[in-house]
Amino acid sequence: MTWPIDDLSTDSLDSQNDRPSRREFFKIFQRVKSMIRARGRPGGVASLRDDGKVPVAQLPGEALQNTALGVPNGAASLNANGDVPLGQIPETIARLNSPRLSGNPTAPTPPADDNSGRLATTRFVSQQRDSLTISPGSLTATVTTSGGRDVNYSSDGVVPGSTASGSAILALPARGRVLLPVRVSVRNVDLNLWQVTPSILPSEIRIAVISKSTGDRYNNQRFTAVVEYEYLNVG
């Protein structure tokens with residue numbers, strides 16, 4: 001904005017010319033009124049505090065603290081929404097959208113049973129840790145084998161034999177999360193004759209026992225499958 005200097009020059013020796021005409025004075029008065037009206041309005045300017053900072057009420061929602069914009073008692077341009085443009089706010093201001101915090105930011109500690117998207121403070125994590133206890137547990141199941149067949153000879157040829165197998169499914173408790181290592185064993189089994197294959201799933205343990213040789217002598221064998229685990233108790 002430029003100011004008329006036709007009748008405002010102090011270089012003139014004519015004291016009569018140092019005073020603006022009524023017309024020029026009216027123009028200046030109208031411009032001052034326009035600037036005052038434009039403060040805090042969309043497309044206008046923002047009034048600054050004595051320390052040169054924009055009042056919190058005039059900062060947009062993305063800014064979390066006031067900052068120095070312009071000069072003390074000066075003005076900052078506002079956008080069409082009546083907010084200070086983000087481009088005029090330093091990067092040291094934390095935005096609501098993907099904020100980058102530094103120093104020692106704090107937040108309210110959620111209740112112990114909170115299961116929402118709120119921030120978990122170090123105090124909340126510490127309380128959760130202190131409320132956890134670890135307990136041992138075990139499951140047993142019987143594995144019975146079948147399907148074994150000897151090699152048969154007939155006039156039509158040789159009928160191939162088959163191996164015997166058995167399996168068991170041990171469902172883990174739903175009250176806690178199983179911790180590793182999970183110890184799986186099968187009792188009374190000769191590993192020279194049998195192959196034991198455990199499958200560890202999130203909610204159950206599957207144990208398969210298969211004979212290494214064919215023959216019906218491997219049928220009706222009974223083994224005890226044992227799963228030892230640890231689970232968390234939430235207090």
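By the salt bridge (Lys or Arg N to Asp or Glu O under 4.0 Å) test, D114 pairs with R118, sequence neighbours left out.
No donor-acceptor pair closer than 3.5 Å links the side chain of R149 to the backbone N or O of T214.
Summarising the geometry, atom CD1 belonging to I169 is positioned 11.0 Å from atom CD1 belonging to I205; distances are rounded to the nearest 0.5 Å. With rounding to the nearest 0.5 Å, the separation of CG in D150 from CG in D216 is 4.0 Å. In this structure, L119 CG and T106 OG1 are separated by 11.0 Å, a value rounded to the nearest 0.5 Å.
For residues 137-148, the set of pairs meeting the side-chain hydrogen bond (donor to acceptor under 3.5 Å, both in side chains) definition, not counting sequence neighbours, comprises T144-R222. Each side-chain hydrogen bond (donor to acceptor under 3.5 Å, both in side chains) pair with one or both residues in residues 157-168, not counting sequence neighbours, would appear here, but there are none. The salt bridge (Lys or Arg N to Asp or Glu O under 4.0 Å) analysis of residues 199-209, with sequence neighbours excluded, yields the pairs E204-R206.
Clustering of Ile, Leu, Val, Met, Phe, Trp and Tyr by side-chain heavy atoms under 4.5 Å joins Y153 with V151, V158.
Hydrophobic clustering (ILVMFWY, side-chain heavy atoms < 4.5 Å, transitive): V226 and I207 are in distinct clusters. Cluster annotation: L170 and Y229 are assigned to the same hydrophobic cluster (Ile/Leu/Val/Met/Phe/Trp/Tyr, side-chain heavy-atom contacts under 4.5 Å, transitive).
Of all the heavy atoms in G147 and N219, the pair that sits closest is N-OD1, 3.2 Å. R217 and Q221 get closest at one heavy-atom pair: O-NE2, 3.5 Å. The shortest non-hydrogen separation linking Y218 to S211 is CG-CB, 3.7 Å. The shortest heavy-atom contact between P108 and T121 is O-CG2, 3.5 Å.
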Check: residues 185-201 side-chain donor-acceptor pairs under 3.5 Å, at least two apart:
| from | atom 1 | to | atom 2 | distance (Å) |
| --- | --- | --- | --- | --- |
| D190 | OD1 | N192 | N | 3.0 |
| D190 | OD1 | N192 | ND2 | 3.4 |

